[in-house]
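Residue numbers count from 1 along this sequence.
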Amino acid sequence: MSNLLLKNVILDKSSTNILVRNGVFESLSAADSAKADSVLDCTNLAVLPAFYNAHTHSPMTLLRGYADDRELFDWLKNYIWPMEAKFNLEDIIAGTRLACLEMIKTGTVFAADMYWHFPEVARTITEMGLRCCAGPIFLDAFNDSLTDPQFEEAEKFYDSLSGFSDLLIPAIMPHSVYGAKESTLRKVSEMAERLQYPIQIHVAETEKEVKDCLAQTGLTPFQYLDSLGLLTEKTVTVHSVHMTEDDAELVKKRGAKIAHVPVSNMKLSSGAFRAGLFTDYLDSICLGTDGCSSNNNLSMIEEMKFASLLAKHSFECTQIFSSEVVFNFATINGASAYGFNGGKIEKGRPADCILVDTKSPFMTPGYDIVSDVVYSCDSSCIDTVICNGNILMQGGIIPGEAEIIKKANKSARRITEM
C-alpha cells in the first residue's frame, strides 16, 4: 500500500501536512520533508471526512428517472419490480459501477448496499476502491420456494469471505417484517447471534406496513422485531418513519441504529422521520440515500441538507438537526453503525477523506466549512476523494468514467427495449 503526503492542506482553518501510511492517518502535522510515495499540493483545499452512505441499492441507478411521480405500490408493482426482473448480471454490474462513479463524484467512500447478486455487487464496489457493507437478502414471504435457496446462498457467501477485499463488511439483510416469513426471521435472528454481523432491515417505512403488522401480530414492526431478537445494537433500521414514542424508547433501549433517508421518504410521500423523538440519541442516527429510482441521486451532500431542513420544517425548530449534527450522521455515525472506525480526521483512523475547494463560490466567504458543505456546496466543490489511503478522484477526474457511463446506458437501453 502506497504512502501519501497531503501538503499545505487546510485542517480546522490552519494549513498543515497530513501523512497517510498503510491506509490510516499517521500524522496530522507532518514535516515538509516527510517521505511518501505520492505528494499532493493541497493549497486552497480543505480536508474533511468522506461520506458513508448507510443505505442504498446501487444497481438501481439504471432506473433513475423511470416511472417517477406515481403512488408507491403502483410504482413498485407495475413499474420497478417488472423492470428489475429484466436485469441480468451484466446490468447489475454496470449499474453498480455507475453508482460507484456517482458516489465518488459526491464524496462518498462507503455504501451499505442491499440488492440481489450481492456477492457481485460487493466485488464491484470494492474493485472501484470503495468500502462496502453487503450480505444476503431474505425475502420469501411471497414465495415459499425461495426460503431454502436464500439460506444456502447466505452460507455459501459467508464461507467465501476470505476471497473478498478487506474493504467489505459482511452483513445480514432481511428485507422487512412484511417481506420475510416469521420462521425465516427467527432463523435469521439465530444466524445474527452466531455471526455478530451488522443487520440492515427496512422498518416502518409506510403506514400500511405498521397497520398490517399490528393486525397480524398485535405488535408494531419494532416490537415485532424485538420479539424475534432482531432489534439489537447490531441492527440498522432503515426509514423508521412511522414509529410511536414507545417504539423510539425501545430502539434506544436496545441500542439499535437508524438509517434516515429523507429524500426518498419525501419523494414517495412515506412521511417525515420523527426527529424530535431522538434529540437524545443523535450518535446512533446515520444517513442514506436509498436507491436512485426513489431519490434520484446518491449525493450525501444533498441528503444532509434535506435531513436538516425537513426536521426544521416538520418540527418548527431552527436548532434541530443542525449542520454539525447531520454532518456527523453522514460521516462518523455511518461508519460506527456498521462497526467501522472511520468518519473522522484523526491520527490512527482510516484515511477516508475528501479535499474541498475553498475558493469555490459555494464555499465563499467561508465562515463555517461544515455549514457550507451541508447547506451551500454541491459536488463541484469536491476536488479529491481518498479511501483507505488511495486516491479515487483527483481534480474531479475519475479514471474510466466515460466507459462506465457508456456501459450503463447500454444496459438501460436493453432493459427498456425488452
Side-chain angles (χ1 to χ4, degrees), residues 52 54-55 110 112-116 118-119 121-122 131-141 144 146-164 166 168-205 209 213 216-240 243 246-259 281 283-286 288 333-341:
Y52 295 78
H55 177 71
F110 166 89
D113 195 274
M114 180 188 284
Y115 210 76
W116 304 114
F118 53 89
V121 170
R131 303 184 189 276
C132 175
C133 180
I137 300 172
F138 298 93
L139 180 59
D140 63 348
D144 282 342
L146 297 176
T147 306
D148 290 343
Q150 287 178 1
F151 279 102
E152 290 167 6
E153 187 178 26
E155 293 300 341
K156 181 180 178 182
F157 173 68
Y158 296 138
D159 288 342
S160 68
L161 290 176
S162 61
F164 284 84
D166 291 342
L168 172 65
I169 298 172
I172 303 168
M173 298 193 174
H175 179 272
S176 58
V177 299
Y178 62 86
K181 297 183 300 184
E182 180 178 336
S183 58
T184 295
L185 291 175
R186 290 189 181 280
K187 192 172 178 180
V188 166
S189 180
E190 294 172 1
M191 177 185 288
E193 177 66 24
R194 171 169 56 90
L195 296 175
Q196 291 296 301
Y197 292 151
I199 304 162
Q200 182 180 170
I201 181 169
H202 302 95
V203 187
E205 181 178 0
E209 176 191 336
C213 191
Q216 293 164 14
T217 69
L219 302 170
T220 68
F222 290 97
Q223 293 168 338
Y224 179 54
L225 282 179
D226 190 51
S227 74
L228 301 173
L230 278 171
L231 194 66
T232 75
E233 62 182 11
K234 295 282 188 180
T235 305
V236 180
T237 71
V238 183
H239 296 290
S240 305
M243 60 166 61
D246 287 342
D247 288 334
E249 292 307 310
L250 183 59
V251 167
K252 297 173 190 177
K253 182 178 180 180
R254 298 297 184 237
K257 313 304 187 293
I258 296 171
Y281 201 64
D283 289 347
S284 292
I285 299 175
C286 47
N333 289 13
S336 178
Y338 290 97
F340 180 66
N341 192 36

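The aromatic ring centroids of F110 and Y338 lie less than 6.0 Å from each other. Taking the centre of each ring, Y197 and Y158 come in below the 6.0 Å mark. Not less than 6.0 angstrom separates the ring centroid of Y178 from the ring centroid of Y224.
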Step-by-step side-chain contact (heavy atoms from CB on, under 4.5 Å) determination, I169 to R131: CA-CA 8 Å; I169 298 172; R131 303 184 189 276; over 6 Å; no
Worked verdict on R186 versus E182 for salt bridge (charged side-chain N to carboxylate O under 4.0 Å, His left out): CA-CA 6 Å; R186 290 189 181 280; E182 180 178 336; 2.9 Å; yes
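The number of heavy-atom neighbours closer than 6.0 Å to NZ of K252, taken from other residues, nucleotides and ligands shown, is above 12. Atom CG of D159 sits in a crowded spot, with more than 12 heavy atoms from other residues, nucleotides or ligands closer than 6.0 Å. Within a 6.0 Å radius of CD in Q196, other residues, nucleotides and ligands contribute more than 12 heavy atoms. For E155, the CD atom sits in a packed shell: over 12 heavy atoms of surrounding residues, nucleotides or ligands are nearer than 6.0 Å.
Relative ring orientation between H55 and H239 is described as perpendicular, the plane-to-plane angle rising above 60° on a 0-90° scale split at 30° and 60°. Between F164 and F157, the ring planes lie perpendicular to each other; the angle is over 60°, past the 30° to 60° tilted range.
In this structure, C286 and A54 approach most closely via the heavy-atom pair SG-CB, 3.5 Å. Pairing each heavy atom of C132 with each of A122, the nearest pair is SG-CA, 4.0 Å. In terms of heavy atoms, V236 sits closest to A337 at CG2-O, 3.8 Å.
By the 4.5 Å heavy-atom criterion applied to side chains, H202 and E209 are not counted as neighbours. A 4.5 Å side-chain heavy-atom check between L139 and W116 finds at least one atom pair inside the cut-off. For the pair D113/F118, no side-chain contact is recorded, criterion being any heavy-atom separation below 4.5 Å from C-beta on. Here the side chains of L230 and I201 are not in contact, with every heavy-atom distance at 4.5 Å or above.
Without hydrogens or angle criteria, K257 side chain to T237 main chain gives no donor-acceptor distance under 3.5 Å. N333 contributes a side-chain N or O that, together with a main-chain N or O of I285, makes up a donor-acceptor pair within less than 3.5 Å. D140 contributes a side-chain N or O that, together with a main-chain N or O of K181, makes up a donor-acceptor pair within less than 3.5 Å. Side chain of T235 to backbone of A256: no donor-acceptor contact under 3.5 angstrom is found. Remark: side-chain polar atoms of T220 are paired, donor with acceptor, to backbone N or O of Q223 under 3.5 angstrom.
Here the options are E153, M173, Q150, the test is side-chain contact (heavy atoms from CB on, under 4.5 Å), and the partner is F138; only Q150 passes.
The OG atom of S183 sits 8.0 Å away from the CG atom of D144 when rounded to the nearest 0.5 Å. Here the CD atom belonging to Q200 is positioned 10.0 Å from the NE2 atom belonging to H175, to the nearest 0.5 angstrom. The CD1 atom of I199 lies 10.0 Å from the CD atom of E233; values are rounded to the nearest 0.5 Å. Atom CE of M191 and atom NZ of K187 lie 7.0 Å apart (nearest 0.5 Å). Here the CD1-CG distance, from I137 to L146, works out to 11.5 Å after rounding to the nearest 0.5 Å. Rounded to the nearest 0.5 angstrom, L168 CG and C133 SG are separated by 7.5 Å.
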